[in-house]
Protein chains: 2
Amino acid sequence: MATVQISEAEWQVMNLLWHQQPLTAQEVIAALGEKNGWAVSTVKTMLHRLVKKGVLRFDQQGTRYVYSPRVRRADCVRDESRSFLKRVFAGEPATLLAHFLKTSRLSADEIADLRRILDQQEERS
Amino acid sequence: MATVQISEAEWQVMNLLWHQQPLTAQEVIAALGEKNGWAVSTVKTMLHRLVKKGVLRFDQQGTRYVYSPRVRRADCVRDESRSFLKRVFAGEPATLLAHFLKTSRLSADEIADLRRILDQQEERS
DNA sequence: AGGGGCCGTTTACGGTTGTAATCCGAGTGT
DNA sequence: ACACTCGGATTACAACCGTAAACGGCCCCT
(Lines give C-alpha, C1' and ligand atoms only; values in the text may rest on other atoms or scores of the structure.)
Protein backbone atom coordinates (compact mmCIF):
# COMPACT_ATOMS: atom_id res chain seq x y z
CA MET A 1 0.00 0.00 0.00
CA ALA A 2 1.14 3.50 -0.70
CA THR A 3 2.67 4.54 2.56
CA VAL A 4 1.86 7.95 3.79
CA GLN A 5 3.67 9.59 6.58
CA ILE A 6 1.72 9.69 9.81
CA SER A 7 3.06 12.20 12.26
CA GLU A 8 3.54 11.80 15.96
CA ALA A 9 0.34 13.56 16.93
CA GLU A 10 -1.58 11.91 14.15
CA TRP A 11 -0.60 8.50 15.41
CA GLN A 12 -2.59 9.16 18.52
CA VAL A 13 -5.67 9.85 16.51
CA MET A 14 -5.13 6.81 14.36
CA ASN A 15 -4.48 4.60 17.34
CA LEU A 16 -7.76 5.66 18.83
CA LEU A 17 -9.66 5.00 15.64
CA TRP A 18 -8.02 1.66 15.10
CA HIS A 19 -9.17 0.82 18.57
CA GLN A 20 -12.74 1.87 18.03
CA GLN A 21 -14.35 3.01 14.86
CA PRO A 22 -16.12 4.87 13.56
CA LEU A 23 -16.02 7.92 15.77
CA THR A 24 -17.26 11.44 15.38
CA ALA A 25 -14.91 14.36 15.72
CA GLN A 26 -16.52 15.06 19.05
CA GLU A 27 -15.69 11.62 20.31
CA VAL A 28 -12.11 11.93 19.20
CA ILE A 29 -11.87 15.27 20.92
CA ALA A 30 -13.40 13.84 24.05
CA ALA A 31 -10.91 11.02 24.08
CA LEU A 32 -7.76 12.90 23.22
CA GLY A 33 -8.37 16.60 23.57
CA GLU A 34 -7.93 17.08 27.24
CA LYS A 35 -5.24 14.46 27.59
CA ASN A 36 -3.08 16.34 25.13
CA GLY A 37 -4.27 19.83 25.77
CA TRP A 38 -5.52 20.01 22.21
CA ALA A 39 -8.00 22.65 21.21
CA VAL A 40 -11.08 21.51 19.37
CA SER A 41 -9.79 22.99 16.12
CA THR A 42 -6.54 21.15 16.49
CA VAL A 43 -8.23 17.80 16.46
CA LYS A 44 -10.42 18.83 13.57
CA THR A 45 -7.35 19.82 11.61
CA MET A 46 -5.74 16.49 12.24
CA LEU A 47 -8.80 14.57 11.17
CA HIS A 48 -8.92 16.66 8.05
CA ARG A 49 -5.30 16.04 7.21
CA LEU A 50 -5.59 12.34 7.86
CA VAL A 51 -8.50 12.19 5.47
CA LYS A 52 -6.51 14.12 2.90
CA LYS A 53 -3.64 11.70 3.34
CA GLY A 54 -6.03 8.91 2.60
CA VAL A 55 -5.61 7.05 5.87
CA LEU A 56 -9.00 8.01 7.25
CA ARG A 57 -12.35 8.22 5.62
CA PHE A 58 -15.55 9.75 6.82
CA ASP A 59 -19.16 8.90 6.29
CA GLN A 60 -21.98 11.34 6.58
CA GLN A 61 -23.97 10.39 9.62
CA GLY A 62 -26.94 12.70 9.54
CA THR A 63 -25.52 16.14 10.06
CA ARG A 64 -22.03 15.13 11.07
CA TYR A 65 -19.22 12.87 10.01
CA VAL A 66 -17.98 9.65 11.46
CA TYR A 67 -14.39 8.76 10.77
CA SER A 68 -12.81 5.37 10.28
CA PRO A 69 -9.39 4.13 9.23
CA ARG A 70 -8.82 3.26 5.60
CA VAL A 71 -5.50 1.59 6.21
CA ARG A 72 -4.70 -1.31 8.41
CA ARG A 73 -2.85 -0.63 11.56
CA ALA A 74 -0.55 -3.55 10.88
CA ASP A 75 0.61 -1.95 7.66
CA CYS A 76 1.42 1.33 9.33
CA VAL A 77 3.17 -0.44 12.16
CA ARG A 78 5.24 -2.34 9.65
CA ASP A 79 6.26 0.76 7.77
CA GLU A 80 7.04 2.77 10.83
CA SER A 81 8.97 -0.10 12.32
CA ARG A 82 11.06 -0.54 9.24
CA SER A 83 11.92 3.09 9.11
CA PHE A 84 12.82 3.15 12.78
CA LEU A 85 14.89 0.00 12.52
CA LYS A 86 16.84 1.40 9.64
CA ARG A 87 17.36 4.83 11.13
CA VAL A 88 18.32 3.94 14.66
CA PHE A 89 19.61 0.40 14.51
CA ALA A 90 21.27 0.35 11.14
CA GLY A 91 18.65 -2.09 9.91
CA GLU A 92 19.86 -4.76 12.33
CA PRO A 93 16.86 -6.32 14.04
CA ALA A 94 19.02 -8.27 16.46
CA THR A 95 20.53 -5.04 17.76
CA LEU A 96 17.14 -3.50 18.15
CA LEU A 97 15.81 -6.53 19.94
CA ALA A 98 18.78 -6.63 22.26
CA HIS A 99 18.26 -3.00 23.11
CA PHE A 100 14.63 -3.36 23.99
CA LEU A 101 15.16 -6.61 25.80
CA LYS A 102 17.77 -4.99 27.97
CA THR A 103 15.96 -1.78 28.68
CA SER A 104 12.44 -3.05 29.24
CA ARG A 105 10.86 -4.34 32.34
CA LEU A 106 9.06 -7.51 31.39
CA SER A 107 6.78 -9.76 33.39
CA ALA A 108 7.44 -13.45 33.68
CA ASP A 109 4.54 -14.15 31.37
CA GLU A 110 5.84 -11.79 28.77
CA ILE A 111 9.24 -13.37 28.95
CA ALA A 112 7.70 -16.76 28.48
CA ASP A 113 5.78 -15.54 25.46
CA LEU A 114 8.87 -14.09 23.91
CA ARG A 115 10.74 -17.31 24.45
CA ARG A 116 8.02 -19.13 22.64
CA ILE A 117 8.31 -16.81 19.69
CA LEU A 118 12.03 -17.33 19.66
CA ASP A 119 11.49 -21.06 19.57
CA GLN A 120 9.30 -20.71 16.54
CA GLN A 121 11.86 -18.48 14.93
CA GLU A 122 14.41 -21.17 15.41
CA GLU A 123 12.28 -23.85 13.83
CA ARG A 124 11.83 -21.79 10.76
CA SER A 125 15.49 -21.34 10.15
CA MET B 1 20.30 15.55 28.54
CA ALA B 2 18.11 17.97 26.71
CA THR B 3 16.78 15.95 23.85
CA VAL B 4 16.80 17.55 20.51
CA GLN B 5 14.97 16.14 17.60
CA ILE B 6 17.24 14.47 15.08
CA SER B 7 15.59 14.04 11.74
CA GLU B 8 15.70 11.05 9.47
CA ALA B 9 18.42 12.39 7.22
CA GLU B 10 20.36 13.77 10.15
CA TRP B 11 20.46 10.37 11.76
CA GLN B 12 22.57 9.14 8.91
CA VAL B 13 25.11 11.84 9.51
CA MET B 14 25.12 11.23 13.23
CA ASN B 15 25.45 7.49 12.78
CA LEU B 16 28.50 8.03 10.65
CA LEU B 17 30.09 10.37 13.15
CA TRP B 18 29.33 8.11 16.06
CA HIS B 19 31.08 5.42 14.12
CA GLN B 20 34.16 7.46 13.39
CA GLN B 21 35.00 10.87 14.62
CA PRO B 22 36.07 13.48 14.03
CA LEU B 23 35.41 13.90 10.35
CA THR B 24 35.62 16.81 7.99
CA ALA B 25 32.66 17.85 5.93
CA GLN B 26 34.42 16.37 2.95
CA GLU B 27 34.69 13.01 4.60
CA VAL B 28 31.05 13.04 5.52
CA ILE B 29 30.15 13.96 1.99
CA ALA B 30 32.39 11.23 0.65
CA ALA B 31 30.74 8.68 2.88
CA LEU B 32 27.12 9.68 2.48
CA GLY B 33 26.76 12.00 -0.46
CA GLU B 34 26.68 9.63 -3.33
CA LYS B 35 24.83 6.94 -1.44
CA ASN B 36 21.98 9.34 -0.81
CA GLY B 37 22.27 11.48 -3.86
CA TRP B 38 22.97 14.46 -1.65
CA ALA B 39 24.54 17.55 -3.08
CA VAL B 40 27.55 18.95 -1.29
CA SER B 41 25.52 21.84 0.04
CA THR B 42 22.94 19.51 1.42
CA VAL B 43 25.43 17.80 3.64
CA LYS B 44 26.90 21.13 4.70
CA THR B 45 23.46 22.30 5.69
CA MET B 46 22.87 19.24 7.78
CA LEU B 47 26.18 19.55 9.57
CA HIS B 48 25.38 23.16 10.25
CA ARG B 49 21.97 22.38 11.64
CA LEU B 50 23.31 19.57 13.79
CA VAL B 51 25.83 21.95 15.27
CA LYS B 52 23.13 24.50 15.89
CA LYS B 53 21.06 21.83 17.58
CA GLY B 54 23.97 21.15 19.84
CA VAL B 55 24.46 17.52 18.94
CA LEU B 56 27.61 18.08 16.93
CA ARG B 57 30.57 20.29 17.58
CA PHE B 58 33.40 21.32 15.32
CA ASP B 59 37.00 22.10 15.94
CA GLN B 60 39.07 24.25 13.70
CA GLN B 61 41.63 22.00 12.08
CA GLY B 62 43.86 24.33 10.16
CA THR B 63 41.67 25.83 7.49
CA ARG B 64 38.72 23.55 7.89
CA TYR B 65 36.48 22.06 10.55
CA VAL B 66 36.32 18.61 11.92
CA TYR B 67 33.03 17.53 13.40
CA SER B 68 32.35 15.25 16.31
CA PRO B 69 29.25 14.25 18.26
CA ARG B 70 28.50 16.09 21.46
CA VAL B 71 25.85 13.65 22.58
CA ARG B 72 26.14 10.00 23.17
CA ARG B 73 24.57 7.71 20.69
CA ALA B 74 23.10 5.64 23.46
CA ASP B 75 21.16 8.64 24.73
CA CYS B 76 19.71 9.40 21.34
CA VAL B 77 18.87 5.77 20.79
CA ARG B 78 17.10 5.72 24.11
CA ASP B 79 15.07 8.81 23.35
CA GLU B 80 14.15 7.76 19.87
CA SER B 81 13.26 4.29 21.07
CA ARG B 82 11.01 5.60 23.78
CA SER B 83 9.21 7.84 21.41
CA PHE B 84 8.75 5.06 18.90
CA LEU B 85 7.62 2.61 21.53
CA LYS B 86 5.04 5.03 22.79
CA ARG B 87 3.78 6.09 19.41
CA VAL B 88 3.50 2.77 17.67
CA PHE B 89 3.23 0.17 20.40
CA ALA B 90 1.29 2.07 23.01
CA GLY B 91 4.31 2.01 25.27
CA GLU B 92 4.20 -1.77 25.57
CA PRO B 93 7.68 -3.17 25.11
CA ALA B 94 6.43 -6.74 25.01
CA THR B 95 4.26 -5.94 22.03
CA LEU B 96 7.11 -4.26 20.27
CA LEU B 97 9.43 -7.15 20.97
CA ALA B 98 6.90 -9.66 19.75
CA HIS B 99 6.48 -7.70 16.57
CA PHE B 100 10.15 -7.58 15.76
CA LEU B 101 10.75 -11.12 16.82
CA LYS B 102 8.06 -12.29 14.47
CA THR B 103 8.98 -10.16 11.50
CA SER B 104 12.76 -10.42 11.59
CA ARG B 105 15.00 -12.99 10.10
CA LEU B 106 17.49 -13.93 12.78
CA SER B 107 20.52 -16.16 12.67
CA ALA B 108 20.96 -19.01 15.10
CA ASP B 109 23.65 -17.06 16.91
CA GLU B 110 21.46 -14.04 17.25
CA ILE B 111 18.66 -16.14 18.61
CA ALA B 112 21.03 -17.63 21.14
CA ASP B 113 22.17 -14.18 22.21
CA LEU B 114 18.64 -12.98 22.64
CA ARG B 115 17.80 -16.03 24.72
CA ARG B 116 20.69 -15.21 26.97
CA ILE B 117 19.44 -11.69 27.46
CA LEU B 118 16.02 -13.04 28.26
CA ASP B 119 17.56 -15.30 30.89
CA GLN B 120 19.20 -12.34 32.53
CA GLN B 121 15.96 -10.45 32.41
CA GLU B 122 14.33 -13.27 34.24
CA GLU B 123 16.90 -13.37 36.98
CA ARG B 124 16.44 -9.72 37.66
CA SER B 125 12.73 -10.02 38.22
C1' DA C 1 48.94 40.36 -8.47
C1' DG C 2 44.94 37.89 -10.53
C1' DG C 3 42.09 33.80 -11.18
C1' DG C 4 40.63 29.36 -9.36
C1' DG C 5 39.23 26.42 -5.81
C1' DC C 6 37.85 25.04 -1.45
C1' DC C 7 35.27 25.89 2.62
C1' DG C 8 32.20 27.62 5.80
C1' DT C 9 27.96 30.97 5.96
C1' DT C 10 23.77 32.83 4.35
C1' DT C 11 19.73 32.65 1.84
C1' DA C 12 15.99 30.06 -0.56
C1' DC C 13 11.93 27.55 -1.07
C1' DG C 14 8.32 24.30 -0.97
C1' DG C 15 6.35 20.70 2.05
C1' DT C 16 5.06 18.91 6.74
C1' DT C 17 3.71 19.52 11.49
C1' DG C 18 1.82 21.49 15.69
C1' DT C 19 -1.45 24.40 17.00
C1' DA C 20 -5.30 27.24 16.29
C1' DA C 21 -8.61 31.02 15.02
C1' DT C 22 -12.01 32.28 11.76
C1' DC C 23 -15.65 31.51 8.42
C1' DC C 24 -19.88 29.73 6.75
C1' DG C 25 -24.00 26.96 6.26
C1' DA C 26 -27.63 24.30 8.48
C1' DG C 27 -30.53 23.10 12.26
C1' DT C 28 -32.96 24.75 16.66
C1' DG C 29 -35.22 27.17 20.05
C1' DT C 30 -38.31 31.32 20.70
C1' DA D 1 -38.41 34.69 10.73
C1' DC D 2 -34.06 35.47 13.68
C1' DA D 3 -30.39 34.86 16.64
C1' DC D 4 -27.57 31.27 18.23
C1' DT D 5 -24.98 27.23 18.07
C1' DC D 6 -22.61 23.21 16.21
C1' DG D 7 -19.85 21.17 12.86
C1' DG D 8 -17.08 20.99 8.90
C1' DA D 9 -13.92 24.00 5.75
C1' DT D 10 -10.68 27.53 5.10
C1' DT D 11 -6.94 30.25 6.49
C1' DA D 12 -2.89 31.19 9.55
C1' DC D 13 1.59 30.89 10.99
C1' DA D 14 5.92 29.62 12.95
C1' DA D 15 9.29 25.73 13.34
C1' DC D 16 11.36 22.00 11.19
C1' DC D 17 12.98 19.34 7.03
C1' DG D 18 14.86 18.09 2.58
C1' DT D 19 17.32 20.00 -0.72
C1' DA D 20 20.29 23.15 -2.60
C1' DA D 21 22.18 27.56 -4.83
C1' DA D 22 24.66 31.80 -3.93
C1' DC D 23 28.04 34.50 -1.30
C1' DG D 24 32.41 35.84 0.64
C1' DG D 25 37.02 34.94 2.37
C1' DC D 26 41.52 32.57 2.15
C1' DC D 27 45.20 29.95 -0.04
C1' DC D 28 47.74 28.39 -4.13
C1' DC D 29 49.32 28.44 -8.78
C1' DT D 30 50.91 30.97 -12.62
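Numbers restart at 1 for each chain; the letters A, B, ... are given by sequence-line order, proteins then strands.
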Please identify each residue that fulfils salt bridge (Lys or Arg N to Asp or Glu O under 4.0 Å) with Arg49(A), with sequence neighbours left out. none
Touch class at under 4.0 angstrom, heavy-atom based, for Phe58(B) against every strand present: nothing
Residue set satisfying salt bridge (Lys or Arg N to Asp or Glu O under 4.0 Å) with Arg115(A), at least two apart, ordered chain then number -> Asp119(B), Glu122(B)
Whole angstrom is fine here: how far is it from CG in Leu50(A) over to P in dG8(D)? 14 Å
Rounded interatomic separation in angstrom, taking CD1 from Ile29(A) and P from dG7(D): 8 Å
Asp59(A): which residues meet the side-chain contact (heavy atoms from CB on, under 4.5 Å) condition with it, sequence neighbours left out? Arg57(A), Val66(A), Ser68(A)
Contact residues, residues 20-28 of chain B to DNA chain C [heavy atom, < 4.0 Å]: Ala25(B), Gln26(B)
What residues form a salt bridge (Lys or Arg N to Asp or Glu O under 4.0 Å) with Arg82(A), not counting sequence neighbours? none
Per-nucleotide protein contact along nucleotides 15-30 of chain D, 5' to 3', at a 4.0 Å heavy-atom cut-off (B base, S sugar-phosphate only, - neither), is --BBBBB---------
Using a 4.0 Å cut-off to any heavy atom of chain A, which nucleotides of DNA chain C are the first and last in contact, reading 5' to 3'? dT17(C) to dA21(C)
Enumerate the ring-ring contact (aromatic ring centres under 6.0 Å, His included) contacts for residues 16-39 of chain A, please, sequence neighbours excluded, ordered by first and then second residue. Trp11(A)-Trp18(A)
Show every salt bridge (Lys or Arg N to Asp or Glu O under 4.0 Å) that has at least one partner inside residues 103-113 of chain B, sequence neighbours left out. Asp113(B)-Arg116(B)
Under 3.5 Å: donor-acceptor pair, side chain of Gln12(A), backbone of Leu32(A): no
Which pairs pass salt bridge (Lys or Arg N to Asp or Glu O under 4.0 Å) with one or both residues in residues 22-37 of chain B, sequence neighbours excluded? none
Set of residues satisfying side-chain contact (heavy atoms from CB on, under 4.5 Å) with respect to Ile29(A), sequence neighbours excluded: Gln26(A), Val40(A), Val43(A)
Any salt bridge (Lys or Arg N to Asp or Glu O under 4.0 Å) involving residues 86-101 of chain A? Give me the pairs, sequence neighbours left out, ordered by first then second residue. Arg87(A)-Glu8(B), Arg87(A)-Glu80(B)
